[in-house]
Amino acid sequence: MGSEKSGRSKKQEIAPSVFARKAAAYFRECDSGTATAACDTCETEFGDARCGKCGKKQRRPYTLSGLCLALGITKRKFAALKGDQSFADAVEMALLKIEAYIEEDSITGHISGTLALAILRENFGWGEKTESTDRIEVVMSEEVGSLAK
């Protein structure tokens with residue numbers, strides 16, 4: 001029996017259009033924030049964060065882990081997609097959306113600055129020291145070299 005080939009390589013398990021659609025659905029789901037079925041029938045006007053009456057309906061936070069779960073991929077696979085030209089923009093926009101959420105919520109006091117910084121360091125490289133790969137070579141004349149001794 002001949003082997004059947006699927007339209008995708010083993011490396012690429014998700015198409016860019018599917019990635020974008022699932023990522024958008026994840027962010028919409030986080031924003032809808034229904035905590036219980038009772039929240040759907042509550043007549044109270046909802047603010048951005050929670051029901052003023054019962055306090056149960058809250059937006060779910062945007063997280064890299066949550067996004068990966070919604071996409072059905074690991075964080076390692078997500079990082080690999082960032083390097084794939086066909087996914088680069090969609091991945092970058094998803095990361096920016098999560099990063100902006102964390103920044104804004106830490107500034108407004110909805111999450112602690114310490115927690116925000118830990119998340120941003122872990123997932124977004126904040127605070128990483130970059131090593132310079134540029135080398136500078138100083139060439140001195142013999143006269144300057146003799147004075148330096």
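One distance of note links NZ of Lys82 with NZ of Lys77; it measures 15.5 Å at 0.5 Å rounding.
Applying the side-chain hydrogen bond (donor to acceptor under 3.5 Å, both in side chains) test to Asn123 and every residue at least two apart in sequence or in another chain returns nothing.
The shortest non-hydrogen separation linking Ile111 to Ile102 is CD1-O, 3.8 Å. Across every non-hydrogen atom of Lys22 and Ala70, the tightest pair is CD-O, 3.9 Å. In terms of heavy-atom proximity, Ser112 sits nearest to Ser106 at O-CB, 4.5 Å. Between Trp126 and Leu117, the shortest heavy-atom contact is CE3-CD1, 4.4 Å.
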Practice prompt. Just do the side-chain contact (heavy atoms from CB on, under 4.5 Å) check on Leu64 and Leu95 with the steps written out, would you?
Written response: CA-CA 8 Å; Leu64 182 56; Leu95 288 171; 4.0 Å; yes
Item to complete: Test Phe19 against Phe78 for side-chain contact (heavy atoms from CB on, under 4.5 Å), laying out the working first.
Response: CA-CA 10 Å; Phe19 177 97; Phe78 186 88; 3.7 Å; yes
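Cluster annotation: Ile98 and Leu115 are assigned to the same hydrophobic cluster (Ile/Leu/Val/Met/Phe/Trp/Tyr, side-chain heavy-atom contacts under 4.5 Å, transitive). Grouping the Ile, Leu, Val, Met, Phe, Trp and Tyr side chains by contacts below 4.5 angstrom, directly or via other members, places Val18 apart from Met93.
A distance-only check finds a donor-acceptor pair linking the side chain of Tyr26 to the backbone of Thr63 [under 3.5 Å].
Annotation: cation-pi geometry satisfied between Lys97 and Phe27 (NZ/CZ under 6.0 angstrom from ring centroid, within 45° of ring axis).
Contact annotation: the side chain of Leu81 approaches that of Ile14 to within less than 4.5 Å [non-hydrogen atoms, C-beta and beyond].
Classification of the Tyr62-Tyr101 ring pair by plane angle, with boundaries at 30° and 60°, yields tilted.
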